[in-house]
Q: 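I have a structure here, written as C-alpha cells, and I will follow up with some questions on it.
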Number of protein chains: 2
Amino acid sequence: MTGKDKPSKPEPSHKDAAPAGLPGDPRAFAVMTEISIIAHLADNLFARVLPDGLTVAQFAVLNHLLRLKKEETIGELASAHQVSQPTMSSTVRKLEDKKLVRLVPDAGDRRIKRVAVTRAGEAMRGEAVARMRPLAGELLGQIGEEDWARIHPVLTRLRILLDKAR
Amino acid sequence: MTGKDKPSKPEPSHKDAAPAGLPGDPRAFAVMTEISIIAHLADNLFARVLPDGLTVAQFAVLNHLLRLKKEETIGELASAHQVSQPTMSSTVRKLEDKKLVRLVPDAGDRRIKRVAVTRAGEAMRGEAVARMRPLAGELLGQIGEEDWARIHPVLTRLRILLDKAR
DNA sequence: TTGAAAAACATAGATATCTATTTTATATAT
DNA sequence: ATATATAAAATAGATATCTATGTTTTTCAA
C-alpha cells in the first residue's frame, strides 16, 4: 500500500457508477451514488498518504482511541467502526505486532482484553495526521464552510436512518 | 450473502468512527466520516436484498449496461466503476458463468471483447430492482426531496475534486 | 517490413473483509 | 451445585479487491 506506481489504476470518467438509474426517486439514487464514489475515492487517497505499513483501518483505531482518550475492548471497537468482530481482532493484532497498541487484560472479566495505544502508536498517529494535513487542506478547503454546514445535518440524518435499518 | 443469520454482526452505536477529530477543519472531517459510514451501511443493506448469488458489484455492471443500453469493454467498465481492470475481469467472468452476460468479440480488434447483457441478465436486474424498491422507498423517502436537492450539488463538487486528485 | 512500444485482457499472489464455528469465561435458572 | 444460556474473542474458510506481471494483438517508426 505504498502507492508509488499505478499500473492498472482505473482512469477518470464518472458519468455514472454503482446503483443509480432506478425509477421512483432518481435524485436520491444519484446522491447515494455520489456518496459511494466519494467514500471510495477518499479512502484510496487517504491510504496513499498514510505512513508505510499503516492501513486506513489501523489508523482509524489509533485515532479513535486517542481522541476518546480511553481504552476499549475489541467488541466495542468493532461496533464503533462498523466491522465484524473477527475483522477488528485482525486489525488489532496487526497493530499489536507493530507495538502500536498493547492488550490490557481485564481484572474482573478474563474474557476481555482492552486495547491501549502505546507511545509508538501515538507517534505513528501523529505522523499520519501530519501527512494528511496538506492534502486535506488543499482538497477540503475548496468546499466552503457553509457548504459543509449545509450538508452535515442531512448526512447525519441519513446515517441514522440507515443505521436503524441494519 | 443470503443474510439470514447475523451472528458476528457489528452492533449499532455511532458516536464516532473512522478519521474525524483532526485539527484544522473538524466539520469537513466529520462530514467525510459520515459519508464513509453511509456508504458502508448502504452497501451492506443493498447486498442483503439482492437476489441470491448476485453481488453489488455484479448488479452495478448489469445496471450500468442496461441503463446506457450499450455494450462496453472490460476496461471501460473498470473505469466507470472505479475498480482495477483485473477486478472487473473477475466480476464479468462471474456474470458470464451465470449466463447473465456474454462476451462479444470485436471484429476489428481481437484483443477486445464487449460485454453484452443477456435476457437472463435483464431479468435478474429487474428482480434486483424490484427487491430494493420497498427498502429504498421506505428509507430514502424519509429524507425530503429538498434535502436531496440541497446536498446533491455539494457532493458532486466534492466528488469531482477528489477525482481530480487521484 | 520489421522491430519496439502501447493496449487489452488474463493470471498470480497478497490482503482485508465477511460468515460460521469454536473456545473460554461469566451469568442465570433449576 | 450444577446445567444451560450468554458473551468475548479466536480460528477457519470463502470472497472481492488490489498490485505486479504475462500474453496476445495492434500501432507506429525506422
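When reading the values below, keep in mind they use all heavy atoms of this one structure, side chains included, and skip hydrogens, waters and symmetry mates.
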Q: What's the spacing between Met32(B) CE and Leu162(B) CG if we round to 0.5 Å?
A: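 The CE atom of Met32(B) sits 5.5 Å away from the CG atom of Leu162(B).
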Q: Which part of the nucleic acid does Arg93(B) contact within heavy-atom distance under 4.0 Å: base, sugar-phosphate only, or nothing?
A: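 Arg93(B): backbone/sugar contact only, no base atoms under 4.0 Å.
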Q: Using 0.5 Å steps for rounding, measure from the CD1 atom of Ile143(B) to the CZ atom of Arg27(A).
A: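 CZ of Arg27(A) is found 14.0 Å from CD1 of Ile143(B).
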Q: Side-chain N or O of Thr91(A) less than 4.0 angstrom from OP1 or OP2 on dT17(C)?
A: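 Looking at the OP1 and OP2 atoms of dT17(C), one of them is under 4.0 Å from a side-chain N or O of Thr91(A).
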Q: Hey, does the side chain of Lys94(A) come within less than 4.0 Å of dA16(C)'s phosphate (OP1/OP2), counting only N and O?
A: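 True: Lys94(A) side-chain N/O within range (under 4.0 Å) of dA16(C) OP1/OP2.
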Q: Of the listed nucleotides (dA8(C), dC18(D), dA16(D)), which one gets closest to any side-chain atom of Thr55(B)?
A: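 The answer is dA16(D).
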Q: From the set dT17(D), dT19(D), dA9(D), return the single nucleotide nearest to any side-chain atom of Ile112(A).
A: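 Among dT17(D), dT19(D), dA9(D), the one nearest the side chain of Ile112(A) is dA9(D).
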Q: How close or far is atom P of dA10(C) from atom CG of Asp97(B), stated in whole angstroms?
A: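 Distance, rounded to whole Å: 12 Å.
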Q: So, are Arg150(A) and Asp147(A) salt-bridged, with charged N and O less than 4.0 Å apart?
A: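 Salt bridge between Arg150(A) and Asp147(A), a charged N being under 4.0 Å from a carboxylate O: yes.
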Q: Classify the side chain of Arg110(A) versus the base of dA25(C) as yes if they form a donor-acceptor pair under 3.5 Å and no if they do not.
A: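 Between dA25(C) and Arg110(A), which were checked side chain against base, a qualifying N/O pair under 3.5 Å is absent.
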Q: When you check the gap from the basic side-chain N to the acidic O, do Lys70(B) and Glu72(B) get nearer than 4.0 Å?
A: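 Yes, this pair counts.
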Q: Under 4.0 Å between a side-chain N or O of Ser89(B) and OP1 or OP2 of dC9(C)?
A: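 Result: no.
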Q: Side-chain N or O of Ser84(A) less than 4.0 angstrom from OP1 or OP2 on dC18(C)?
A: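 For Ser84(A), the contact criterion (side-chain N or O under 4.0 Å from OP1 or OP2 of dC18(C)) is met.
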Q: Does dA16(C) have its OP1 or OP2 closer than 4.0 Å to a side-chain nitrogen or oxygen of Thr87(A)?
A: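 No.
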Q: Return the value, rounded to whole Å, for the distance between atom NE2 of His40(B) and atom C1' of dA16(D).
A: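 From His40(B) NE2 to dA16(D) C1': 13 Å.
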Q: For the pair made of CZ in Arg48(A) and P in dC18(D), what is the distance, rounded to whole Å?
A: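 After rounding, the gap between these two atoms is 13 Å.
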Q: Side chain of Arg111(A), base of dA7(D): donor and acceptor closer than 3.5 Å?
A: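 Flag set: donor-acceptor pair detected.
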Q: Could you tell me how far apart Leu77(B) (CG) and dT17(D) (P) are, to the nearest whole angstrom?
A: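 Rounded to whole Å, this separation is 13 Å.
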Q: With a 4.0 Å cut-off on N to O distance, would you call Asp106(B) and Lys113(B) a salt bridge?
A: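 No.
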Q: Here's a test of your reading of the structure: between Asp109(A) and Met88(A), which maps to the more 5' nucleotide of DNA chain C?
A: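 It is Met88(A), whose closest nucleotide lies nearer the 5' terminus.
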Q: Ignoring hydrogens and angles, answer whether the base of dA8(D) and the side-chain atoms of Gln85(A) contain a donor-acceptor pair closer than 3.5 Å.
A: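 Absent.
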